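One structure is given below, encoded as structure tokens.
Owing to the predicted nature of the structure, the values given are computational and were not obtained by experimental measurement. Hydrogens, waters and symmetry mates play no part in the numbers below; they use all other heavy atoms, side chains included.
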Amino acid sequence: MILETERLILRKMTNDDFPALTEMLYDERVMYAYAHTFTEEEAKAWLQNQLRRYKEDGFGLWAVILKENEKMIGQCGITKQRIPEKEVLEVGYLFNADYFHKGYATEAAIACKNYAFENLGANEVYSIIRDNNYPSQNVAKRNGMKEVGSFVKHYHGIDMPHIIFCAKK
């Protein structure tokens with residue numbers, strides 16, 4: 001276990017989490033901000049990237065487990081990301097659509113922000129969110145983040161405007 005909140009446990013993902021992970025990565029409702037769902041190979045690469053991050057960085061996107069039923073309902077954590085000016089620590093989150101609008105993303109994101117400040121010594125953390133992903137933008141705002149900029153990512157042949165949110169310690 002990495003983190004615990006009132007309703008959630010955050011822990012490293014393992015290969016055993018692949019079925020729950022694919023429920024998210026294969027779902028159009030979850031992946032609309034990416035403008036495509038993942039293939040099996042992309043999902044495997046996603047999980048392997050998290051396992052690599054745990055080893056190299058000591059953190060990554062963690063499995064979000066609902067205490068009441070021990071089900072993996074999402075992923076939330078901290079990753080190194082590039083914005084135009086620098087590399088930053090980002091609080092990122094992606095949840096199973098069945099668990100949208102229940103406050104789980106906000107609960108997990110706040111815990112991850114605090115973890116970055118308290119355990120990683122960060123003075124600021126970011127969330128980088130596509131301009132049309134209003135629910136995730138609202139999570140960032142509830143996480144005490146302010147909009148500080150924007151840039152365009154080119155992903156899968158599409159220019160995707162992103163908003164940069166930041167919270168300072």
Side-chain angles (χ1 to χ4, degrees), residues 1-25 30-31 33-34 38 40-67 70-96 99 103-130 133 135-137 139-149 151 153 155 162-169:
M1 181 175 67
I2 306 293
L3 291 168
E4 184 174 5
T5 68
E6 181 181 339
R7 302 180 293 169
L8 307 170
I9 292 172
L10 279 69
R11 62 159 173 77
K12 290 180 181 178
M13 280 189 267
T14 70
N15 288 316
D16 292 339
D17 294 315
F18 190 70
L21 181 63
T22 60
E23 281 185 44
M24 291 174 266
L25 299 178
V30 174
M31 300 302 292
Y34 286 77
F38 278 28
E40 183 175 354
E41 287 307 311
E42 288 171 319
K44 286 179 182 175
W46 180 277
L47 178 57
Q48 291 309 307
N49 193 35
Q50 300 321 309
L51 301 178
R52 177 197 58 78
R53 284 175 166 152
Y54 303 154
K55 287 180 186 168
E56 293 178 9
D57 301 331
F59 51 84
L61 294 176
W62 297 307
V64 178
I65 308 300
L66 187 59
K67 285 181 181 180
E70 298 183 2
K71 179 176 172 59
M72 180 179 166
I73 63 167
Q75 50 188 322
C76 185
I78 303 160
T79 60
K80 293 179 181 178
Q81 297 293 332
R82 187 104 199 126
I83 58 174
E85 309 84 42
K86 59 187 172 181
E87 185 178 77
V88 299
L89 293 181
E90 182 192 27
V91 174
Y93 32 88
L94 194 64
F95 279 77
N96 183 308
Y99 297 89
Y104 297 125
T106 299
E107 187 174 328
I110 289 170
C112 288
K113 175 189 72 176
N114 292 337
Y115 182 92
F117 291 155
E118 296 164 12
N119 297 80
L120 302 179
N123 291 317
E124 57 188 20
V125 293
Y126 294 79
S127 284
I128 304 160
I129 303 169
R130 190 150 175 217
N133 190 345
S136 286
Q137 291 174 36
V139 169
K141 292 172 187 174
R142 287 190 295 272
N143 197 7
M145 295 185 165
K146 306 286 184 224
E147 187 176 329
V148 296
F151 69 107
K153 283 186 184 183
Y155 180 74
H162 281 68
I163 300 169
I164 303 167
F165 290 86
C166 180
K168 298 188 183 293
K169 189 171 183 179

Next on the checklist: Quick check on K146: does its NZ atom have over 12 non-hydrogen neighbours (other residues, nucleotides or ligands) under 6.0 Å away?
Outcome noted: no
Checklist entry - For C112 and I78, which heavy atoms make the closest approach, and how far apart are they? => result O-CD1, 3.4 Å
Checklist entry - K80 and L89: side chain to side chain contact (heavy atoms under 4.5 Å, CB included), yes or no, with the steps? => result CA-CA 5 Å; K80 293 179 181 178; L89 293 181; 4.0 Å; yes
Item to check | Contact check, side chains of M13 and M72, non-hydrogen atoms, under 4.5 Å | outcome: yes
Item to check | Atom CD of E70: over 12 foreign heavy atoms under 6.0 Å | outcome: no
Next on the checklist: I'd like to know if the side chain of R130 and the backbone of A33 have a donor-acceptor N/O pair within less than 3.5 Å.
Outcome noted: yes
Checklist entry - Should we say atom CD of E6 is surrounded by more than 12 heavy atoms from elsewhere, each under 6.0 Å from it? => result no
Item to check | Short side-chain to backbone donor-acceptor contact, N143 and A109, under 3.5 Å | outcome: yes
Next on the checklist: So, taking the atom named CG in L21 and the one named CG in L94, what distance separates them when rounded to the nearest 0.5 Å?
Outcome noted: 8.5 Å
Checklist entry - How many angstroms lie between atom CD of E4 and atom CD1 of I65, to the nearest 0.5 angstrom? => result 12.0 Å
Item to check | Side-chain heavy atoms of L25 within contact of M31, under 4.5 Å | outcome: yes
Next on the checklist: Given 3.5 Å as the limit, does a donor-acceptor pair link the side chain of Y54 with the main chain of L61, or not?
Outcome noted: yes
Next on the checklist: Just verifying a value: how many Å separate L3 CG and N119 CG, rounded to the nearest 0.5 Å?
Outcome noted: 7.5 Å
Checklist entry - Which atom names give the shortest non-hydrogen contact between C166 and E124, and what distance separates them? => result SG-CB, 3.9 Å
Next on the checklist: If you apply the rule side chain to side chain contact (heavy atoms under 4.5 Å, CB included), what do you find for E40 with F18, and how did you get there?
Outcome noted: CA-CA 10 Å; E40 183 175 354; F18 190 70; 4.2 Å; yes
Next on the checklist: The test is side chain to side chain contact (heavy atoms under 4.5 Å, CB included); show your working for W46 and M24 and say whether it passes.
Outcome noted: CA-CA 12 Å; W46 180 277; M24 291 174 266; over 6 Å; no
Item to check | Rounded distance [0.5 Å steps], CD in Q137 versus CZ in F165 | outcome: 4.5 Å
Item to check | Pair V125-M145, side chain to side chain contact (heavy atoms under 4.5 Å, CB included): steps then yes or no | outcome: CA-CA 9 Å; V125 293; M145 295 185 165; 3.8 Å; yes
Checklist entry - Are any side-chain N or O atoms of E107 and backbone N or O atoms of R7, one a donor and one an acceptor, separated by less than 3.5 Å? => result yes
Next on the checklist: How close do A122 and F117 get, counting heavy atoms only, and between which atoms?
Outcome noted: O-CD2, 3.2 Å
Item to check | Short side-chain to backbone donor-acceptor contact, E90 and I128, under 3.5 Å | outcome: yes
Item to check | Exercise: identify the closest heavy-atom pair between I2 and R11 | outcome: CG1-CA, 4.0 Å
Checklist entry - Of the non-hydrogen atoms in F151 and R82, which two are nearest, and what is the gap between them? => result CZ-O, 4.1 Å
Item to check | Heavy-atom pair with the smallest gap, counting every atom of Y155 and F38 | outcome: OH-CE1, 3.9 Å
Checklist entry - Out of T5, I9, I73, which one pairs with V64 under the side chain to side chain contact (heavy atoms under 4.5 Å, CB included) rule? => result I73
Checklist entry - Under 4.5 Å between any side-chain heavy atoms of Q75 and L47, yes or no? => result no
Item to check | D17 side-chain N/O to T14 backbone N/O, donor-acceptor pair under 3.5 Å | outcome: yes
Checklist entry - How long is the span from the OH atom in Y126 to the CD1 atom in I163, to the nearest 0.5 Å? => result 15.5 Å
Checklist entry - Backbone N or O of S136 within a donor-acceptor pair of the Y93 side chain at under 3.5 Å? => result yes
Item to check | Atom pair CZ/NZ of R53 and K12 - distance to nearest 0.5 Å | outcome: 14.0 Å
